[in-house]
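Below: one structure, written as structure tokens.
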Amino acid sequence: MIGQWFLDRVKELTDAHHRLVITDTQGDGAFLLAYLPARRYIVLTASKPSEERRVRTEAERDYREKNVIFYTTIPQKKLTALQEYAATCGCIVLDDMEAYIKQTLHVELGLHTHVDGRTLLLAAKMSRGRDENWWRGIATGINNPLQPAQLITDFLKNPEQFAQETDSDVYAVMQEEACKIAGKPKTNQTPEVLATEFMASLFRKLLDGTADSELLDIYYAMADSEEMKEQMQAYIDGFTLPTTGWSPYTCHPDHPFAAIDKVMFRNLSEKMKRNMGIGEDQRFIAYRLSSKKAQRYKLSWLKEVQTLLDFNIGQPHMISSLPQLAEYYRDTFAPLDTAMRRIYVEWLNEPEVLRPVQEHYETQNKLLLGAWFGLTDRYEQTQQGLLTKMLAHGRNKTAVIVCDGLRLEMAEAIARRKFHSGITIERTTAWSKLPSVTSNGMSALYGLPSAIGDSSAKRQAALKQEVPDVEIISLDKLNSSVTAAKLVLTCGNIDEIGETLQMAGLAEISGYEEKLYTAIQQLLRMGYNDVFLTTDHGYVITGILDEADKVPPPTGTSIDERFAVSTDPVQCGLIERNDEWINGSYQYYAQTDKPFRTRGKYGYAHGGMTPQECLIPAYHFAEKNVKMGLKVSIANKAELGAVTGQFYTIKMMGTGDSNNVFESERKVQLLFYREDGNEDSKSSILRIKADAVLDFENTMNTSLLKVVVIDAQTTEQLDVCVIKKSVSRDLDDLF
């Protein structure tokens, strides 16, 4: 505010005379000149009589109609050439800044202050952007103008720039405070060196757990600032972790070093390998994750390790039915599978570290499989015709995303993410047809009775026979040109990546969680009231696998990764199912998640009989209420179906209640798409009102276009029309 008060006084005087003298014998008030807008004021400086004459001549010659400020370090009583201006136009005296600031506070705020002059001057220099309440705190001694943490943080953002733009007194105070807080002697250093050494001291104190609250305030201000993200990373990258003198269990929990978390995980792995206690590791992870500070430096896989270590298996042996097991897997076990999948992604390249952790997970999984295989004699698939049922169940516009190889735990991870409050999620599950492979599961989903001899064309034809108006496209082609009331979107990348890359593909598979989450939200915004998510089958992650872990193949059978087939029954001690399949009608499944002993790399596999492969999502994401708002429709669709000439007009009609705030008007946008579904063009944002018609004129530059009217804010589709060029003779060129 001191700058604003100064500027107000300058404006008051120059508005009357266009000339003003400012005297500042000590130079302490020079910082106030920075508040003067260059477009409004010309500042001319004089420090001796000869310069007085020069600046006066310059002002009268070059700036006759401009506001001129004469700034001088000559006392008012000793002015010569500028004395007349000082006497007749006005003079602001800054010779004693303590007196000037105290007088200003008294005039503007009615306050008398006994704060010392140095503190007041520093406060004035640091007061840009501060309000009256801040100055009241300074004047009464309640607030310290220095605020070292903020000052040092501002310096660390850009040391060189801070040094160049900051008053020398303020910089000196900042330097002194930085050295004191860091526990280092004050020396003459370049700004960059000072910043680097300060951060190194901060990092060392985080490592040994001795960072005090003042140092932590500075660290948090940087670590949690989006603006300082790059600079903070540069400080981290420039710091070398000492080889000794620290432990991951005594570091401050908000430290920014990924290497420390990896040391902890390696320690954890070694303890598991030696059957040692891991309580220290659990406490460290819980302590680290409980703080909401420095979140960007807390690696996401740490949360998965916490899930793994804290997992409570419950009582799966008490489960007595397949519906109970499905519910148990979905609500209790699925997060563990998600956690282990993500741990695999992070630690795949260090198998010696990963193996003990994998074995810890497998202990839990064996308890689940023990309960599961006691129920498999009751297994019946419920996948048949699922797409038809979903499309029939939906209201108005319904979309079904059909994935190839989506584990239930992935669908569950998506469902547990944040959706807006108007969305309900029904987490229904189904059992896949066995063997749980793509051709079998997809055939069942689309309604074919058998997978033998099927193809994607046959599947789609079967579905269209049941639902004639359904449109089937790849999920990759989803955009606002898609307007079908019944829509199926296929996503086959998950299984393809897993089978091709095995364990190395898990990172890409995890990326499909985000893709599917985004697609569901996009469909809901586009006006699809019901969005379903399902798949043909899941898969198992066999992880680090030795030959000895694989299952010996039964004699006389044709072997796939996770199941065997025979034309005649064989005695092999495996689960037998009598059901037609390629190469025979007897299927055999091992009571494990490990593959049969065949050649090939393993890590990702399916076709077997575990919940991870057979239990599939049939999740339903639904908009609870129909969206309110002005109804917008295209009124001249018939005319647009046969456009003659180069130009055409789209007439949009708004239907609603002009007295209802939700229905009185709406902002819309027109999106134009070519036959291949790619965007051709789009309009600007248009505003349409109730009971009004809005014309939009456009040029016909192709024979066929689809125009989609969307809500400009929510992207909800409001209406659609196909624009066709008439095949009749174009008469425009005749006139």
Side-chain angles (χ1 to χ4, degrees), residues 369 372-373 376-386 402-407 430-462 492 494-500 502 535-542 545 547 549-616:
L369 297 182
W372 160 253
F373 285 116
T376 50
D377 58 334
R378 311 175 202 177
Y379 188 92
E380 293 292 340
Q381 67 98 356
T382 56
Q383 191 177 33
Q384 192 70 32
L386 200 54
V402 182
C403 297
D404 187 351
L406 178 73
R407 289 216 296 186
W431 298 106
S432 69
K433 195 172 182 181
L434 294 177
S436 54
V437 294
T438 298
S439 57
N440 212 17
M442 286 296 181
S443 296
L445 282 175
Y446 281 84
L448 285 174
S450 172
I452 299 175
D454 83 336
S455 64
S456 59
K458 285 185 178 180
R459 295 175 207 146
Q460 294 184 14
I494 300 174
D495 197 28
E496 181 181 350
I497 290 169
E499 291 182 342
T500 303
Q502 292 294 315
T535 189
D536 53 351
H537 59 75
Y539 59 89
V540 292
I541 303 174
T542 52
L545 194 66
E547 277 302 306
D549 296 323
K550 297 179 183 179
V551 179
T555 303
T557 61
S558 174
I559 303 296
D560 207 321
E561 292 177 18
R562 297 278 297 123
F563 67 99
V565 179
S566 174
T567 54
D568 299 305
V570 297
Q571 298 297 318
C572 58
L574 303 179
I575 296 174
E576 180 183 272
R577 291 182 65 83
N578 189 355
D579 196 2
E580 184 182 13
W581 185 244
I582 303 165
N583 296 329
S585 57
Y586 289 90
Q587 303 167 17
Y588 295 93
Y589 299 91
Q591 298 188 44
T592 175
D593 61 347
K594 299 298 186 286
F596 284 108
R597 192 173 297 158
T598 58
R599 290 184 177 182
K601 291 174 64 178
Y602 289 111
Y604 168 99
H606 60 88
M609 197 177 184
T610 65
Q612 289 90 343
E613 298 163 277
C614 302
L615 185 60
I616 61 171

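Reckoned from all heavy atoms, side chains included, excluding hydrogens, waters and symmetry mates. Model, not experiment: these values are computed from the prediction.
- D495 and Y604 share a side-chain donor-acceptor pair at under 3.5 Å.
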Derivation and outcome, side-chain contact (heavy atoms from CB on, under 4.5 Å), residues L406 and Y539: CA-CA 8 Å; L406 178 73; Y539 59 89; over 6 Å; no
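- With a 4.5 Å cut-off on side-chain heavy atoms, V437 and H606 count as touching.
- Minimum interatomic distance between A564 and F596 (heavy atoms only, all atoms of both residues): N-CE1, 3.8 Å.
- Closest approach of L434 and N440 over heavy atoms only: O-ND2, 2.8 Å.
- Of the inter-residue distances, the one linking Y446 atom OH with S456 atom OG reads 8.5 Å to the nearest 0.5 angstrom.
- Judged purely by distance below 3.5 Å, without hydrogens or angles, the side chains of Y589 and Q591 never pair a donor atom with an acceptor atom.
- No donor-acceptor distance shorter than 3.5 angstrom exists from the side chain of T557 to the backbone of I559, with no hydrogens or angles considered.
- Closest non-hydrogen pair, A605 versus E561, comes out as CB-OE1, 3.1 Å.
- The two residues L448 and A462 come nearest to each other via the heavy atoms CD2-CB, 3.9 Å.
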Does D404 form a side-chain contact (heavy atoms from CB on, under 4.5 Å) with I494? I'd like the steps, not just the answer. CA-CA 6 Å; D404 187 351; I494 300 174; 5.9 Å; no
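- Residues S432 and E613 fail the side-chain proximity criterion, which asks for heavy atoms closer than 4.5 Å.
- Legend: residues meeting side-chain contact (heavy atoms from CB on, under 4.5 Å) with T592, ordered by chain and number and at least two apart, are V551, A590, K594.
- Shortest non-hydrogen contact noted between A451 and S439 is CB-O, 3.4 Å.
- Here K433 contributes atom NZ and E380 contributes atom CD; the two are 11.5 Å apart, rounded to the nearest 0.5 Å.
- Considering only residues two or more places apart in sequence or on other chains, D454 meets the side chain to side chain donor-acceptor pair (under 3.5 Å) condition with S443, R459.
- Between the side chain of Q383 and the backbone N or O of I616, no donor-acceptor pair lies under 3.5 Å.
- The closest donor-acceptor contact from the side chain of D536 to the backbone of L445 lies at 3.5 Å or more, if one exists at all.
- The closest side-chain heavy-atom distance from R407 to L615 is not below 4.5 Å.
- Of all non-hydrogen atoms in R597 and P553, the two that sit nearest each other are CB-CD, 4.0 Å.
- Test S436, P435, C403 against H537 for side-chain contact (heavy atoms from CB on, under 4.5 Å) and you get one pass: S436.
- Judged by distance alone, the side chain of E547 and the main-chain N or O of K550 form no donor-acceptor pair under 3.5 Å.
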Can I get a per-line list of side-chain donor-acceptor pairs under 3.5 Å for residues 569-585, giving both atom names and the distance, sequence neighbours left out?
{"residue": "E576", "atom": "OE1", "partner": "Y588", "partner atom": "OH", "Å": "2.7"}

